[in-house]
Amino acid sequence: MTEDRIDELVAAAKEVRENAHVPYSRFKVGAALLAGGRVFRAVNVESASYPLSVCAERNAVAAMVAAGERRIDAVAVVTDATHPTPPCGGCRQVLLEFGRDAAVISETLSGTRMRWTVSELLPDAFLFER
Ligand code: THU
């Protein structure tokens, strides 16, 4: 994964973030996911029935799967938080099932960046294997 590729992913996440539907939290999240050489962009979409709200990361996974891809190489997340926000616990689980070694990059609007792998964010994960 080149730094240029990561910069492109972060830029895509930053751009799509503007479209987040966040009437309740006002916390916009943009995600850009790289899989099979293609970039899938998504945002968080909230519902008046709050628990039905879906994070940007899981919406990006849904777009990837609908396009026939199954292996995540990297996902970038952009928010306006003070510190870079890693994906929530539920999103970590879903991301891991499509790429435990995938890179996760989070950047704030002010340009602070952090980077992990999915398995660093979710060690000893549950997998449905028997
Ligand atoms: N959110 C995400 O989109 N991704 C995360 O990893 C954490 C939280 C969204 C859910 C909700 O719309 C808003 O951010 C506040 O929690």
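Whatever order the structure lists ligands and atoms in, that order sets their numbers, starting from 1. Source: prediction; values computed, not measured.
Distances from atom 14 (O) of ligand 1 to the protein include at least one heavy-atom value under 4.0 Å.
Side chain of E46 to backbone of S25: a donor-acceptor contact under 3.5 angstrom is found. Listed for the T108 side chain is a donor-acceptor partner under 3.5 Å among the backbone atoms of G111.
Taking the side chain as every heavy atom from C-beta outward, R92 and L95 never approach each other to under 4.5 Å. Side-chain contact between S49 and P51: present, with at least one pair of heavy atoms (C-beta onward) separated by less than 4.5 Å. By the 4.5 Å heavy-atom criterion applied to side chains, T117 and D101 are not counted as neighbours. By the 4.5 Å heavy-atom criterion applied to side chains, L127 and R100 are counted as neighbours.
Using a 4.0 Å heavy-atom cutoff, S53 is absent from the residues neighbouring ligand 1. For the pair C91 and ligand 1, no heavy-atom separation below 4.0 Å is found.
Here is the list of ligand 1 atoms found below 4.0 Å of a heavy atom in E46: 11 (C), 12 (O), 13 (C). Each of the following atoms of ligand 1 lies closer than 4.0 Å to a heavy atom of S25: 13 (C), 15 (C). Interface of P87 with ligand 1, defined as ligand atoms under 4.0 Å from a residue heavy atom, comprises 6 (O). Below 4.0 Å from some heavy atom of C55 lie the following atoms of ligand 1, by number and element: 1 (N), 2 (C), 3 (O), 4 (N), 5 (C), 8 (C). Within ligand 1, counting atoms from 1 as listed, the ones closer than 4.0 Å to a heavy atom of E57 are 2 (C), 3 (O), 4 (N), 5 (C), 6 (O).
Counting only heavy atoms of the protein, atom 3 (O) of ligand 1 lies nearest to A56 N, 3.0 Å. When hydrogens are left out, the protein atom nearest atom 9 (C) of ligand 1 is N44 ND2, 3.4 Å; that is the closest non-hydrogen contact. The protein atom (non-hydrogen) at minimum distance from atom 16 (O) of ligand 1 is F27 CD2, 4.8 Å.
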Donor-acceptor contacts under 3.5 Å from residues 27-42 side chains, at least two apart:
unit_1 : atom_1 : unit_2 : atom_2 : d
K28    : NZ     : E18    : O      : 3.1
R41    : NH1    : E15    : OE2    : 2.8

Just list the side-chain donor-acceptor pairs under 3.5 Å for residues 55-82, sequence neighbours left out, or say none.
unit_1 : atom_1 : unit_2 : atom_2 : d
N59    : ND2    : V43    : O      : 2.9
R70    : NH1    : V65    : O      : 3.2
T79    : OG1    : A81    : N      : 3.1

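Considering backbone and side-chain atoms alike, V29 places every N or O at 3.5 Å or more from each N or O of ligand 1.
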